[in-house]
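A short worksheet on the structure shown next.
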Amino acid sequence: QTTRMFIDQESPTTEALREASALLRDGQTVAFPTETVYGLGADATSKEAVSGIFRAKGRPEDNPLIAHVATKKQLRSLVTSLPAAAEKLINKFTPGPLTLVLPSNGTCAENVTAGLSTIGVRIPDHPVAQALLKACDLPLAAPSANISGKPSPTTADHVWSDLQGKIAGLIDGGATGVGVESTVIDCTQEIPVILRPGGITKEQLEAEIGEVMVDPALASTTEEPKAPGMKYTHYAPDVPMWLVAGTPENIQAVIEKERSSKKRIGVMASIETAEKLDADRIITLGSDLREIAASLYDALRIFKNEDVDLILCESFPRTGIGQAIMNRLEKAAVEFVEV
Ligand code: TXA
Ligand code: MG
């Protein structure tokens, strides 16, 4: 039985927070909104509590979790040292959609880090997440609150449909904002390395600390990624999806060709592109890349319930948050088509 609690983002009330905190302090799992996606939280200092997360999600044990904390002071209490670059990034971008990989001091349970010597830490910028972290006064291990392999949840309903009955609580605080997960940056290297593109862009990071690298595995099909979670197929809708790069006219030609073999075609595209296309089902993602990021996972989930045989998704520029969008779409797609 999962208790669903409602909290108004504008004024987080204490009743639901108290109830959720009690569950967390009792070693149970509670899903809550952050500014990126919903997270599934548990006491990061308890191995048993953390194993509840892996169980509920069906998550591989070798995939480490991010520890969420409310303050910089609490963040410091989980790591052995803060390199100068990490300090700068924390001051500039947290609270916010950035996860720093730092040397762990062992405060968190060993299954949080999947046995690694490093730990991913993040201070979320969402009033409900902040209020919850303060109320329970624990670091919370929290992966995205989806069944492993599904798109991350950006609404409480997404969490409910994946995890209802498998977790103790769900705090419904409305839709999240950013829509894609936090950027994961490894700060244990001389030059910090982006392990997962996300809400804070490479351009933003470089403006603050100079050169940053991107894990070469993200652009390769043979290399093993340094963030264990990046090696899994992810975000996949139930229907095959092609990522299509080309003019609206050329995308339409692909639609016609596939339709001629009696396939029903779904399309995911920007408003501007969608206006020029005709398909059996069209989901518009917004106009600019920020809007597209915010609606991406919901669109992937909507197609799960649509009667289509093939989804064609427009390919987007890899600038700014486009890097994160394209990373997720490449994982979700079975084919990349240039026309
Ligand atoms: O926006 C987010 O980051 C959301 C919200 C809930 O905070 N959380 C999230 O967690 O996306 P999750 O578990 O779905 O993704 C965490 C990613 C995985 O790819 C994992 O492998 C990587 O971060 N990661 C965590 N700790 C790491 C570490 N010590 N070294 C390398 N990669 C790590
Ligand atoms: Mg995830």
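This structure is a prediction, so every number in the text was calculated from the model and none was measured. Atoms considered below: every heavy atom in the structure, side chains included; atoms not considered: hydrogens, waters and symmetry mates. Whatever order the structure lists ligands and atoms in, that order sets their numbers, starting from 1.
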Original post:
Is it true that Lys263 and Glu258 make a salt bridge, defined as a side-chain N closer than 4.0 Å to a carboxylate O?
Top reply: yes
Original post:
Are the charged groups of Asp278 and Arg259 less than 4.0 angstrom apart, N to O?
Top reply: yes
**OP:** Taking only heavy atoms of Lys226 into account, list the atoms of ligand 1 that are under 4.0 Å away from them.
**Re:** 31 (C)
**OP:** Mark the output for Pro124 as yes if a heavy-atom distance to ligand 1 is under 4.0 Å, and as no if none is.
**Re:** no
Original post:
So which bit of Leu195 gets within less than 4.0 Å of ligand 1, heavy atoms only: side chain, backbone, both or neither?
Top reply: side chain
Original post:
Counting each atom of ligand 1 from 1 as listed, which ones have a heavy atom of His68 under 4.0 Å away?
Top reply: 5 (C), 6 (C), 7 (O)
Original post:
Is Leu116 in contact with ligand 1, taking contact as a heavy-atom separation below 4.0 Å?
Top reply: yes
Subject >> Atoms in ligand 1 with a heavy atom of Val184 nearer than 4.0 Å >> reply: 23 (O)
Original post:
Which of the atoms in ligand 1, numbered in the order shown and given with their element, are less than 4.0 Å from a heavy-atom of Gly39?
Top reply: 6 (C)
Original post:
Taking both backbone and side-chain atoms of Lys57, is any N or O found less than 3.5 Å from an N or O belonging to ligand 1?
Top reply: no
Original post:
Does the pair Arg76/Glu87 count as a salt bridge with the N-to-O cut at 4.0 Å?
Top reply: yes
Subject >> N, O or S atom of Ser148 closer to the Mg ion (ligand 2) than 2.8 Å >> reply: no
Subject >> Check: Ser152/Glu181 side-chain N/O donor and acceptor closer than 3.5 Å >> reply: yes
Original post:
Do Leu65 and Leu132 share a hydrophobic cluster, counting only Ile, Leu, Val, Met, Phe, Trp and Tyr and linking them when any side-chain heavy atoms are less than 4.5 Å apart?
Top reply: no
Original post:
So which bit of Asn63 gets within less than 4.0 Å of ligand 1, heavy atoms only: side chain, backbone, both or neither?
Top reply: side chain
Original post:
Is Arg59 touching ligand 1 with its side chain, its backbone, both, or neither, if touching means heavy atoms under 4.0 Å apart?
Top reply: side chain
Original post:
Does ligand 1 have a heavy atom under 4.0 Å from the side chain of Thr118, from its backbone, from both, or from neither?
Top reply: both
Subject >> Nearest option to atom 14 (O) of ligand 1, as decided by whichever heavy atom of Ser182, Gly179, Pro153, Ser144 sits closest >> reply: Ser144
Original post:
Got an N/O contact under 3.5 Å between Gly229 and ligand 1?
Top reply: yes
**OP:** Report yes if some N/O of Glu181 lies less than 3.5 Å from some N/O of ligand 1; otherwise report no.
**Re:** no
Original post:
If you measure only the distance, is there a donor-acceptor pair under 3.5 Å linking the side chains of Arg122 and Thr34?
Top reply: yes
Original post:
Are Ser182 and Thr99 close enough that a side-chain donor and a side-chain acceptor fall under 3.5 Å?
Top reply: yes
Original post:
Would you say Thr273's side chain and Pro248's backbone share a donor-acceptor pair under 3.5 angstrom?
Top reply: no
**OP:** Identify, by atom number and element, the atoms of ligand 1 in contact range of Arg196, meaning under 4.0 Å from any of its heavy atoms.
**Re:** 2 (C), 3 (O), 9 (C), 11 (O), 15 (O), 16 (C), 17 (C)
Original post:
Mind checking whether Leu138 and Val79 sit in one hydrophobic cluster, side chains of I, L, V, M, F, W, Y counted as touching below 4.5 Å?
Top reply: no
**OP:** For ligand 1, note which part of Ala142 has a heavy atom under 4.0 Å away: side chain, backbone, both or neither.
**Re:** backbone
Original post:
Do Ile283 and Val254 belong to the same hydrophobic cluster, where Ile, Leu, Val, Met, Phe, Trp and Tyr are linked whenever their side-chain heavy atoms lie under 4.5 Å apart, directly or via other members?
Top reply: no
Original post:
So, His158 versus Asp298: side-chain donor-acceptor pair below 3.5 Å or not?
Top reply: yes
